[in-house]
S.K.: 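I'd like to ask you about the structure that follows.
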Amino acid sequence: MNYHNVVFETSYGKASQLGASDLVEIAFAGRSNVGKSSMINKVFNRKQLARVSAVPGKTATINFFRLESVRFADLPGYGYAKVAKGEKERWAKLIDGYFRSGRNIGLVFQLVDIRHKPSQDDLQMIDFLIENEFPFVLILTKKDKLTKTQLAERLEALQTEIPCADQITMIPFSSEKGDGVEEVKAIIEEIAAEYAEDLTEE
């Protein structure tokens, strides 16, 4: 896949606005300020594909991108304490509406800050993905902020902090140094290939 060919498609602020799901989709989810926009920009090697904000909770829409036969959904960050209750509820409905709209979701990249114990919101999101049988991979962001010893300690701790950890693929990731980018691309290409194969069989 030529990642330079990715294009921004559209943004939606309400679940009712979501268009038809005519392609396999890969979603990016995570709490506010976890490094989601930075990850997206790094994977696609584009500085402004996803806007990186200094203000947590800035992304209040689902932003869609497309690369060849795969659509990507950048979901709003959750869990930012300083956002008004009404706005939080709108975001929750938007994210919930996305997952419950019968879309062809091939995978969710669920981002968690590797430096800290997963938040209650992170754990609720992981439980939701497990219970509803959405395939997902945990992206452990901000790896470059830890020493090798600290990284090893956090990876070990996550085995008890996250439910079903031994069955979940986890990728330590750094938007600064590019660690994990090739692994993420390999997963994207695998999903694209599976989807193309399914279309051929039909």
Side-chain angles (χ1 to χ4, degrees), residues 1-12 15 17-30 34-52 59 61-78 94-112 114 125-126 128-141 143 162 164 167-202:
M1 299 176 83
N2 187 342
Y3 289 83
H4 292 284
N5 291 338
V6 67
V7 293
F8 173 79
E9 284 192 318
T10 189
S11 293
Y12 293 118
Q17 297 173 319
L18 292 172
S21 177
D22 56 342
L23 298 173
V24 66
E25 293 185 5
I26 295 175
F28 295 86
V34 73
K36 194 152 44 68
S37 297
S38 297
M39 175 192 173
I40 292 169
N41 290 336
K42 189 67 177 180
V43 168
F44 293 101
N45 198 24
R46 296 274 288 276
K47 289 183 179 179
Q48 292 294 326
L49 183 63
R51 292 181 183 175
V52 180
T59 304
T61 57
I62 297 179
N63 299 323
F64 288 97
F65 312 92
R66 179 173 175 174
L67 175 62
E68 298 176 13
S69 60
V70 182
R71 181 168 286 124
F72 299 87
D74 178 12
L75 304 181
Y78 54 75
L94 182 58
I95 294 171
D96 190 64
Y98 172 80
F99 283 110
R100 298 192 189 280
S101 59
R103 310 182 74 77
N104 182 13
I105 300 173
L107 185 80
V108 178
F109 285 120
Q110 174 62 36
L111 280 66
V112 172
I114 195 170
M125 190 71 194
I126 292 167
F128 173 82
L129 295 171
I130 292 171
E131 287 168 11
N132 291 277
E133 299 183 350
F134 286 110
F136 70 96
V137 168
L138 274 187
I139 302 296
L140 307 175
T141 63
K143 174 192 172 187
I162 291 176
C164 309
Q167 300 171 45
I168 298 173
T169 298
M170 301 187 195
I171 300 176
F173 193 92
S174 168
S175 296
E176 293 291 324
K177 298 184 177 179
D179 297 343
V181 169
E182 292 309 314
E183 290 96 322
V184 168
K185 286 182 175 180
I187 290 169
I188 291 171
E189 286 163 27
E190 183 181 336
I191 289 169
E194 286 176 4
Y195 177 66
E197 194 175 302
D198 289 345
L199 285 181
T200 303
E201 289 175 0
E202 288 176 7

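Heads up: numbering here begins at 1 and tracks the sequence. Everything numeric in this text was worked out from a predicted model, so none of it was measured.
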S.K.: Please name all residues satisfying ring pair (Phe, Tyr, Trp, His ring centres under 6.0 Å) with Phe65, sequence neighbours left out, ordered by chain then number.
M.R.: Phe8

S.K.: For Tyr98, enumerate each residue passing the ring pair (Phe, Tyr, Trp, His ring centres under 6.0 Å) test, keeping only those at least two apart in sequence or located in another chain.
M.R.: none

S.K.: Considering non-hydrogen atoms only, spot the tightest contact between Ser175 and Gly35 and give its length.
M.R.: OG-O, 4.4 Å

S.K.: Give me the one residue out of Phe99, Phe109, Phe28 that meets side-chain contact (heavy atoms from CB on, under 4.5 Å) with Leu75.
M.R.: Phe99

S.K.: Tell me whether Arg103 contacts the main-chain N or O of Leu18 through its side chain, where contact means a donor paired with an acceptor under 3.5 Å.
M.R.: no

S.K.: Nearest 0.5 Å, what's the CD1-CG distance between Ile162 and Leu140?
M.R.: 6.5 Å

S.K.: Would you indicate whether the side-chain heavy atoms of Ile40 and Asn63 approach each other to under 4.5 Å?
M.R.: no

S.K.: Could you report the tightest heavy-atom contact between Ser37 and Asp74, atom names first, then the distance?
M.R.: OG-OD2, 4.4 Å

S.K.: Please step through side-chain contact (heavy atoms from CB on, under 4.5 Å) for the pair Val184 and Lys42, ending with a clear verdict.
M.R.: CA-CA 11 Å; Val184 168; Lys42 189 67 177 180; over 6 Å; no

S.K.: Closest heavy-atom contact between Leu111 and Lys36?
M.R.: CD2-CA, 3.4 Å

S.K.: Return the set of residues passing side chain to side chain donor-acceptor pair (under 3.5 Å) with Glu176 (not counting sequence neighbours), or none when no residue passes.
M.R.: none

S.K.: Among all residues two or more places apart in sequence or in another chain, which pass the side chain to side chain contact (heavy atoms under 4.5 Å, CB included) test with Glu190?
M.R.: Glu194

S.K.: Measure the spacing between CZ of Phe136 and CG of Leu129 and express it to the nearest 0.5 Å.
M.R.: 5.5 Å

S.K.: Determine, step by step, whether Met170 and Ile114 satisfy the side-chain contact (heavy atoms from CB on, under 4.5 Å) criterion, reporting the C-alpha distance in whole Å, the side-chain angles of both residues, the deciding distance to 0.1 Å, and the verdict.
M.R.: CA-CA 10 Å; Met170 301 187 195; Ile114 195 170; over 6 Å; no

S.K.: Between CD of Gln17 and CD1 of Ile62, what distance do you get to the nearest 0.5 Å?
M.R.: 9.5 Å

S.K.: Compare all side-chain heavy atoms of Ile187 with those of Ile26 and state whether any distance is below 4.5 angstrom.
M.R.: no

S.K.: If you compare all heavy atoms of Ala15 against all heavy atoms of Leu94, which two are closest, and at what distance to 0.1 Å?
M.R.: N-CD1, 3.4 Å

S.K.: Does Lys143 have any side chain to side chain donor-acceptor pair (under 3.5 Å) partners at least two apart in sequence or in another chain, and if so, which?
M.R.: Asp179

S.K.: Pick out which of Phe44, Phe64, Tyr3 makes a ring-ring contact (aromatic ring centres under 6.0 Å, His included) with Phe72.
M.R.: Phe44

S.K.: Taking the side chain as C-beta and beyond, is there a heavy-atom pair between Asn5 and Leu67 under 4.5 Å?
M.R.: yes

S.K.: Hey, what do you get for CD (Glu68) to CG (Asn2), rounding to the nearest 0.5 Å?
M.R.: 7.0 Å

S.K.: Within this structure, what is the CD1-CD1 distance for the pair Ile126 and Ile168, rounded to the nearest 0.5 Å?
M.R.: 6.0 Å

S.K.: Looking at Lys177, I want to see if its NZ is surrounded by more than 12 non-hydrogen atoms of other residues, nucleotides or ligands under 6.0 Å.
M.R.: no

S.K.: Distance from Arg71 atom CZ to Glu9 atom CD, nearest 0.5 Å?
M.R.: 4.0 Å

S.K.: Where do Val137 and Glu183 land on the side-chain contact (heavy atoms from CB on, under 4.5 Å) test, with the steps shown first?
M.R.: CA-CA 11 Å; Val137 168; Glu183 290 96 322; over 6 Å; no

S.K.: Give me the atom names and distance for the closest heavy-atom approach of Val70 to Met1.
M.R.: CG2-CE, 4.1 Å

S.K.: List the residues meeting side chain to side chain donor-acceptor pair (under 3.5 Å) with Ser174, not counting sequence neighbours, and say none if there are none.
M.R.: Asp144

S.K.: Considering all heavy atoms of both residues, which atom of Val24 and which atom of Ile191 are nearest to each other, and what is their separation?
M.R.: CG2-CG2, 3.9 Å

